[in-house]
**Q** 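Structure provided below as structure tokens; questions to follow.
Below, chains carry the letters A, B, ... as their sequence lines are ordered, and counting in each starts from 1.
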2 protein chains.
Amino acid sequence: MKVYKIPEATVMRLSIYSRYLMQMQEKGIETISSGEIAAGVGVGSAQVRKDLAYFGEFGTRGVGYKVSELYGHLIKILGLNKTWNVIIIGAGKLGSALALYRGFNDRGFKVCAILDNNPDIIGKKLTDITIEPLEVMKDRISQHDIKIGIITVPAQAAQEVTDKLVQSGVKAILNFSPEVLRVPAGVTLRHVDLSVNLEVLSFNLSFNN
Amino acid sequence: MKVYKIPEATVMRLSIYSRYLMQMQEKGIETISSGEIAAGVGVGSAQVRKDLAYFGEFGTRGVGYKVSELYGHLIKILGLNKTWNVIIIGAGKLGSALALYRGFNDRGFKVCAILDNNPDIIGKKLTDITIEPLEVMKDRISQHDIKIGIITVPAQAAQEVTDKLVQSGVKAILNFSPEVLRVPAGVTLRHVDLSVNLEVLSFNLSFNN
């Protein structure tokens with residue numbers, strides 16, 4: 001299957017298709033066309049077919065896709081057929097909000113630890129996990145076999161925290177800090193800028209009016 | 001200019017290009033090719049040209065784009081040549097984190113008000129704004145000429161809050177709640193699911209390994 005480099009936009013759309021298929025499955029719908037998926041999520045049907053074609057042939061021409069089968073394929077492609085344990089570094093407002101974010105659990109991501117260096121909040125409980133000091137990072141990562149780290153520390157601390165996560169065995173990092181981070185080859189890094197979402201709105205408000 | 005429907009993925013990439021151009025500008029770089037932009041942000045150069053072509057001709061063949069000029073165009077297309085006042089409904093951990101999120105300010109989004117119905121937190125200060133009750137929604141929206149609302153309330157309250165925002169004059173809504181919301185024509189709605197970002201990582205960890 002590892003023939004093409006899959007564009008990140010395709011991966012994000014697969015994620016969206018899989019949510020839509022889950023909804024259709026819950027409604028008892030058994031087969032679906034690429035056009036119906038496209039209309040349901042707001043992209044073109046050629047785009048849906050192209051995105052799915054990266055991973056082989058799923059549907060039957062003229063019949064469409066079996067909802068449960070395609071859903072199962074997408075979940076497997078996205079790596080969501082298992083639970084991923086996650087560690088959060090930075091227990092400020094954003095870190096705490098992410099630790100409590102229900103959507104992660106629903107998709108198989110389990111926040112197992114949240115660390116901070118602020119003695120005022122270390123020991124505080126966020127539902128079933130407790131804020132711990134940075135010193136336990138390596139222990140928690142090996143104890144829970146954690147591959148994914150989320151960084152919500154201030155910019156000036158972000159690279160140091162990244163280096164420690166990588167040394168401790170984390171293979172993928174989601175960066176919510178504004179800092180541009182460096183990671184060695186073999187580690188996946190993704191920068192989240194929440195204002196991009198607002199810019200889609202300001203574009204719509206400006207450009208179409 | 002309003003000839004084509006612009007894909008949302010294009011708008012998000014324009015936002016990313018504009019950030020990259022700002023960095024280049026800060027480094028004193030004056031001209032740039034589509035290939036250099038493409039390499040800098042990790043997309044194909046044909047994609048960059050196609051995205052920009054929606055909005056007319058910017059560059060000169062063989063010379064490329066003037067960084068400051070293209071940056072200015074993108075900022076204007078994205079509606080970022082002005083300040084957008086924003087209201088947040090829901091002052092829990094996520095809402096508070098967003099109210100304090102520096103990245104919004106950097107791109108011209110100003111959180112002017114944050115409301116909640118929980119008497120325990122109403123009156124609390126988040127830097128320079130104070131958490132206020134839902135009753136002041138209409139007043140704050142007209143007072144600050146707010147067009148954009150961010151929703152971080154629990155699912156069961158989200159549609160009611162949406163309806164109130166729309167009645168109060170908000171034209172664009174960013175929904176962080178898990179609820180699928182309905183808005184009337186003429187109002188832009190965008191759903192943010194933070195787990196999509198983690199799924200890009202789980203895909204990379206699963207599919208390429």
**Q** Can you tell me if CD on B/Glu160 sees more than 12 non-hydrogen neighbours from other groups inside 6.0 Å?
**A** no
**Q** Is atom CD of B/Glu30 surrounded by more than 12 heavy atoms (other residues, nucleotides or ligands) closer than 6.0 Å?
**A**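 Result for CD/B/Glu30: open.
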**Q** Is the closest side-chain heavy-atom distance between A/Asp193 and B/Ile16 below 4.5 Å?
**A**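 They are not in side-chain contact.
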**Q** Looking at A/Asp106, A/Leu194, A/Leu174, A/Val196, which has the largest count of heavy-atom pairs under 4.5 Å with chain B?
**A** A/Leu194
**Q** Taking the side chain as C-beta and beyond, is there a heavy-atom pair between B/Glu199 and A/Arg19 under 4.5 Å?
**A**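 Touching, per the 4.5 Å side-chain cut-off.
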**Q** Between B/Leu126 and chain A, which part of the residue has a heavy atom less than 4.5 Å away: side chain, backbone, both or neither?
**A** side chain
**Q** When only pairs under 4.5 Å are counted, which of B/Ile150, B/Leu14, B/Asn197 shares the most heavy-atom pairs with chain A?
**A** B/Asn197
**Q** Please tell me if the side chains of A/Leu94 and B/Leu100 come closer than 4.5 Å, counting only heavy atoms from C-beta onward.
**A**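 SC-SC contact between A/Leu94 and B/Leu100 ruled out.
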**Q** Could you check whether atom NZ of B/Lys27 has more than 12 heavy atoms from other residues, nucleotides or ligands sitting under 6.0 Å from it?
**A** no
**Q** What are the two closest non-hydrogen atoms of A/Gly103 and B/Ser195, and how far apart are they?
**A** O-OG, 3.6 Å
**Q** Does any part of the side chain of B/Asn204, heavy atoms only, come nearer than 4.5 Å to the side chain of A/Arg190, both counted from C-beta?
**A**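 Not in contact.
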**Q** Of the listed residues (B/Gly92, B/Ser96, B/Ser18, B/Gly95), which shares the most heavy-atom pairs with chain A below a 4.5 Å separation?
**A** B/Ser96
**Q** For chain B, which of A/Lys171, A/Lys147, A/Arg107 has the most heavy-atom pairs under 4.5 Å?
**A** A/Arg107
**Q** Does any non-hydrogen side-chain atom of B/Phe203 lie less than 4.5 Å from one of A/Ile6?
**A**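 A side-chain contact exists here, since the closest heavy-atom pair is under 4.5 Å.
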**Q** Hey, which of B/Leu189, B/Leu80, B/Val11 has the most heavy atom pairs under 4.5 Å with chain A?
**A** B/Val11
**Q** If you take all heavy atoms of A/Gly79 and B/Ser206, which pair is closest and at what distance?
**A**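 In terms of heavy atoms, the two residues are closest at CA-OG, 3.1 Å.
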**Q** Under 4.5 Å between any side-chain heavy atoms of A/Trp84 and B/Leu198, yes or no?
**A** no
**Q** Please look at B/Ile148 and chain A and tell me whether the side chain, the backbone, both or neither of the residue comes under 4.5 angstrom of a heavy atom of that chain.
**A**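 When you check distances to chain A, only side chain atoms of B/Ile148 fall under 4.5 Å.
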**Q** Just so I understand: if I count every heavy-atom pair under 4.5 Å between each of B/Asn81, B/Val180, B/Ile173, B/Val86 and chain A, which residue has the most?
**A** B/Ile173
**Q** For A/Leu78 versus B/Ser202, what's the shortest heavy-atom pair and its separation?
**A**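 Closest pair (atom of A/Leu78, atom of B/Ser202, distance): O-OG, 2.7 Å.
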